[in-house]
Amino acid sequence: MKTVAELQAAREKASVDLALRLGGTSASKYKRNVLVCGGTGCTSSHSEDIIKAFNEEIEKHNLTDEVKVVRTGCFGLCALGPIVIVYPEGCFYSMIEKENVPEIVEEHFVNGKIVEKYLYKETVLEDGTIKKYNETDFYKKQFRVALRNCGLINPECIDEYIANDGYAALAKCLTELQPKEVTQIILDSGLRGRGGGGFPTGKKWSFIADGPQKYVVCNADEGDPGAFMDRSVLEGDPHCLIEAMTIAGYAVGANQGYVYVRAEYPIAVNRLQKAIDDARAAGMLGKNIFGTDFSFDMEIRLGAGAFVCGEETALMTSIEGNRGEPRPRPPFPAVKGLFGCPTVENNVETFANIPQIILKGAEWFSSMGTEKSKGTKVFALGGKIKHTGLVEIPMGITLREIIEEIGGGVPHGKKFKAAQTGGPSGGCIPADLMDVAVDYDNLTAMGCMMGSGGLIVMDEDNCMVDMAKFFLEFTVDESCGKCTPCRIGTKRLLEMLDKITNGEGTLEDLDKLEDLCNYIKANSLCGLGQTAPNPVLATLKFFRDEYVSHVVDKKCPAGVCKNLVTFVIDQDKCIGCGKCAKNCPVDTIVKTDYIAPGHKLASYKIESGKCVKCGACIDGCKFNAISKQ
Amino acid sequence: MQKKISNLPFHGTAEQEAKLQAVIAANKHDKSHLMGVMQEAQAIYGYLPMEVQNMIAEGMDIPLEKVFGVATFYAQFSLTQKGEVHIAVCLGTACYVKGSGVIYEELQKQLGIGGDECTADGKFSLTASRCIGACGLAPVLTVNDEVYGRLTKDDVSGILAKYGK
Amino acid sequence: MDMLNCKVNGIAVSVPKGSTILEAARAAGVEIPTLCYMKEINAIGACRICVVEATGARGLVPACVYPVAEGMEIQTNTAKVQEARKMTLELILSTHDKKCLSCPRSTNCELQKLCNDYGVTASAFEGFKPEYAIDDSAPHLVRDNNKCILCRRCIAVCNQQYVGILGANDRGIDTNIGQAFKLNLSNTPCIACGQCTVVCPVGALTEKDDTEQVWAALADPKKHVVMMTAPAVRAALGEEFGMPIGTGVEGKMVASLRRLGADKVFDIDFGADVTIVEEATELLDRVKNGGVLPMITSCSPGWVRFCEQYYPDEIDHLSSCKSPMQMTGALIKTWYAEKEGLDPKDIYVVAVMPCTAKKYEIKREDQNAAGVPDVDVSITTRELARMIKRQGLNFTALPDEEFDNPLGQDTGAAVIFGTTGGVMEAALRTANDWLTGKDNTEIVYEAVRGNASIKEATLDIAGMQIKIAVASGTKAANEIMQKIASGEADWTFVEIMGCPGGCVTGGGQPIHPQYVRDTVDIHGLRAKVLYDQDEAAVLRKSHESPVVKELYEQYYKDTYGCHKAHHDLHTTYKAESKF
């Protein structure tokens, strides 16, 4: 495609099919579109087999001209995968197995009767009517900008992307806007970086220095445990990233882009590579895009398993073929970045907002969100929450809405204790702050961090000291080893936490722990080290009593820290079946001569000392006779 | 833990070398492609022993130490071979007190290799794992993805025999 | 130039735009402690000891890399800064072996000094500390990672030398500096230049101490111990005893060697003069008879090893002349032994060198003119200082004494061998006289002086335009060799020294803390000692040396480069693989 008119024509042609899914009337020959999630989550639960089964059954029923099966990106509600959505009804089949497919095809596609038993329960109302998937609690408060095409289009089909306004923003930039105007729109929109500190994107672009060679880099080295929104965009809407990076290239005067992706994301890498090839073939990448003077191309570079490469300077060092060690800033990448040239670097989710901002305007975007945090944010809900998955919501929604309404609350009637945000760089929000509006500045004020948007829910069974230790173990493993505070300091922090969870800590250790945390924050070379102590500091701030229990009472209130709990058999509940004794790896459960009233056999008891607190006895006891104290 | 270095003789084939040399030839113009070359090399050989890193260093005109520094920085790169049969012995607390350490030693003895090593024929490799959550079966080990539990030292030869030792 | 105004601890100072806080502080006369920083070579902001407070910056910032902004107010030693530095030192100490009592760098250790300055004791943090085996496999140096603080200065110089055998491996708390695959140093293409030992702030990299062998020889009544010194030693030895950089101590050095018990104290300058006549003869022969050109000097064993391993196809460019040290050793065990009626086996030759690579050179093949090694042991300037201290000599109070005869006489040409360009200048003086058949008085060649890493010139000698090049440091050598290997070079003669600046800044010379190395022209001051000595010399051309003349009359049938001279004074090279 060399002209905007050609793009328009392509869009009109392709949008016929998509209209069915967007709720309009469609001139498409297809009566139905069956969307099956092909994201990493659903793929691991065999959604490929489901696609195959649908195609076979559809062929069997001679429906190939009526029903089209589409492999999409992630729908978000991963807890219910594999997910199948059928348009035009918009009905939501959840946890589908390939054995269910013949029945759905037969009943639904041939006989026109939705198979209720496979639908997501919430969508089936008492009166028998069926809610569309986007009317469910999980979806109704969401507003999708970055994820707008995920779960809607076939990510491997450039035409479907074009059908939903794809590459229109690029066309607009190249033919109607000056580079400076593009940057101004992004600046006015208030978009802030979605990967970490939340630096205003437009500002970043405007800082770019002059130079004969400049680069646009996309950080797709998503490494926070529990965060996978970038993967979802790459898997579900790769062209959006290509379009956005090309726009960034136009705005800052760069003609080469790099996407640095984790090698652990094979599906994402393959789809992005195909998208790059297709975009190049369609003239959306390469020389003289839309017949203008502007040329832009991009390539993928694979990470090799180093969390620190998510830090922008480390990422560039890695692209250059080195150990991914961060460099001091300043100089900032905008002045001296990749290969020493001015470089703009944003993460995937940030880029994914760009085309919509260009098309709909800065005002549209900045009308969403809070005063200083505009637009929407994607969160990855995980941990002790019913609806684990990905949600995109306007900034400013409260944590309570996210967890209780969208996320369905804490399962098994347990009590919410805290939400961890920002992964190993972040902190935790305790229950009494659940009504604070979630945005960059509120989170920072609480000693938390938006980070990439991982949100892990913890309940009463989680020990906050253990949680801090978990994140520290991660940071110690992932520290690059370049600067002293992070290399040695985080290790010493972890050792102190070990001491505390082993019941060997003292109150003085808590002060020393805090001092060391503050030192590491203030003295580390890069963001990894500067934020590594956050999980410790935040838990110390909100859950100091738990630390005190560990060091003073030598107790772990949540019963997690093994050295501080004892396993006890309630001899009145024990029926004497002896299963626990059989399960015990260290043979420390013995029969007593006490027979509880109403029981026939003598009960068992755990002889302390040898117990390794593995929990095998509890897991095997059907009578809830064993507990941790 | 510092990365363990393979002490086995290198058995690369001419075919593997030709593949690697082709990768190097396609990338030697740009030293920033080092990691990509190493990734492809690992795909060809399964790991990155000194001989392979040497070929990369010489072909790309990069000091061997730099290649090694990169190889030991990223978790994805392995300096040791993984055998067709990969045995992981759980050394979590429960298994350890139940004698998994003895089993680990017995495996080392019978296979004639240390931890994180591979037999010379590339058949067996051995590693220690963290708790795999099967404490009720302690001590346990996994062979590829299969779990064996409630083991004693005497079970080791039987398990190995099952996999052709 | 755009200037920026800032204040360091209240002192107003104006610095060029782009300056770092450290540079501004130095301009204001304020020193900020550093560990990893090396001017122009290693600005990585890794150790964090140089953190300061500055207006407009968040928290603490590393002075070594943080740029000054207009109006910035910098505080280099607030309570907050001191607390941070203390904790950094405590953390470093928690992974350090703290065996200062027996460390060769004790009292000259940058970490020890900072711990003293900040009152830091060892016990604040305890925990996991990686343990490393000491690598003493190589003849020239010892690596003890248990003392390493991961400042990476050694990596920076090793890369600067274009050798790159040292690097950071693994990551996090396991990060360690070392060779690929944990190979012993002796199995790597290390060129033995020892520059890493000069920049190591602690005792993790040190020369291999061979002084015990020397003490043993001195104590052995059957041994005739000859101690001989390279020109660069006299230009730096005084620094070990608190004398200012740039103090010439030839007389005291000779006196100290005699007091250590040497039977004879000779000067390697003598061998340098012989080198010139042999090398000039070889060069003229190559020019006349279509030999391989350019011919490249071979005095520097670090450079020779670099050439053999990194440019194995180009070793024919190397002059076959042994180095002055080996020539002197060879002549001691042949000519001198014969004159004195000594059995070469009973002579023990100790070379005192500014160099660590010499420890490797004495073990090379084809370096045994009398059937025994030409030189028995080579110690560095630093090791000699250690011996002088153990002997209890008050060095600065020693009288000035002169070298013994006959191998103690030199010319000005020989003494300048100790700096980059010196060999070339000495050779040019002789070549010019020989080719013109005149006793020329224009003998100073400014074009080859100074500390540029590569110096090129086209000289008019006896009507011929001769192109020459001088390089110091193996990075520069690499540039030269690339041109030679590609055939684009048209030089006739090239001087290469392995260490940047030549022998005066060799790997065995006295060690100064990095802030001194950053701010003082050590090379210039030491080189000046040699140039001054040359200027004051009566004889300034190697071929005019009466001892050289005597040698050739008595021993080599008055013929430079004769067969016997070739046997005694020349050597061979071997192409080697890097891996």
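Every chain is numbered from 1, with letters handed out A, B, ... down the list of sequences. Since this is a predicted model, take the numbers as computed values, not measurements.
The nearest pair of heavy atoms linking Lys512(A) to Ala124(C) is NZ-O, 2.9 Å. Minimum interatomic distance between Glu325(A) and Ala168(C) (heavy atoms only, all atoms of both residues): OE2-CB, 4.4 Å. Nearest heavy atoms, Ile488(A) versus Ser94(C): CG2-OG, 3.5 Å. Nearest heavy atoms, Arg48(C) versus Leu525(A): NH1-CD1, 3.4 Å. The heavy-atom pair separating Ala84(C) from Tyr519(A) by the smallest distance is O-CE1, 3.3 Å. Residues Arg323(A) and Thr175(C) come closest through the heavy atom pair NH2-CG2, 4.0 Å.
Residue with the most contacts toward chain C among Ala522(A), Pro330(A), Ala306(A): Pro330(A) (heavy-atom pairs, distance under 4.5 Å). When each of Ile44(C), Thr95(C), Val61(C), Ile92(C) is scored by its heavy-atom pairs under 4.5 Å with chain A, the top score falls to Ile44(C). Between chain A and the options Val51(C), Asp174(C), Val65(C), Leu150(C), heavy-atom pairs under 4.5 Å are most frequent for Leu150(C). Counting heavy-atom pairs closer than 4.5 Å to chain C, the top residue among Leu516(A), Thr490(A), Thr484(A) is Thr484(A). Per-residue heavy-atom pair counts under 4.5 Å with chain A were compared for Glu126(C), Arg171(C), Arg58(C), and the maximum is reached by Arg171(C). Between chain C and the residues Cys486(A), Pro331(A), Pro326(A), Ser524(A), the largest count of heavy-atom pairs under 4.5 Å involves Ser524(A).
Within a 6.0 Å radius of OH in Tyr118(C), more than 12 heavy atoms belonging to other residues, nucleotides or ligands are found. Within 6.0 Å of NZ in Lys129(C) there are more than 12 heavy atoms belonging to other residues, nucleotides or ligands. Residue Lys113(C) qualifies as open at atom NZ: its count of foreign heavy atoms under 6.0 Å is 12 or below. The number of heavy-atom neighbours closer than 6.0 Å to NZ of Lys521(A), taken from other residues, nucleotides and ligands shown, is above 12. Atom CG of Asp210(A) has 12 or fewer heavy atoms from other residues, nucleotides or ligands within 6.0 Å. No more than 12 heavy atoms of other residues, nucleotides or ligands shown are found within 6.0 angstrom of NZ on Lys17(C). Dense packing is recorded around NZ of Lys98(C), with more than 12 heavy atoms of other residues, nucleotides or ligands lying under 6.0 Å away. No more than 12 heavy atoms of other residues, nucleotides or ligands lie within 6.0 Å of NZ in Lys336(A), so this atom counts as exposed by the packing criterion.
Using a 4.5 Å cut-off between heavy atoms, Lys482(A) touches chain C through backbone and side chain atoms alike. With a 4.5 Å cut-off on non-hydrogen atoms, Gln530(A) does not touch chain C at all. The part of Asp477(A) that comes within reach of chain C is its backbone (N, CA, C, O), which places non-hydrogen atoms under 4.5 angstrom from that chain. Within the 4.5 angstrom heavy-atom criterion, only backbone atoms of Ile149(C) (N, CA, C, O) approach chain A. Residue contact with chain A, scored on non-hydrogen atoms closer than 4.5 Å, involves the backbone and the side chain of Phe128(C) alike.
Remark: Arg492(A) does not engage Glu90(C) in a salt bridge, criterion side-chain N to carboxylate O under 4.0 Å.
Atom CG of residue Asn523(A) and atom CE of residue Met87(C) lie 9.0 Å apart, to the nearest 0.5 angstrom.
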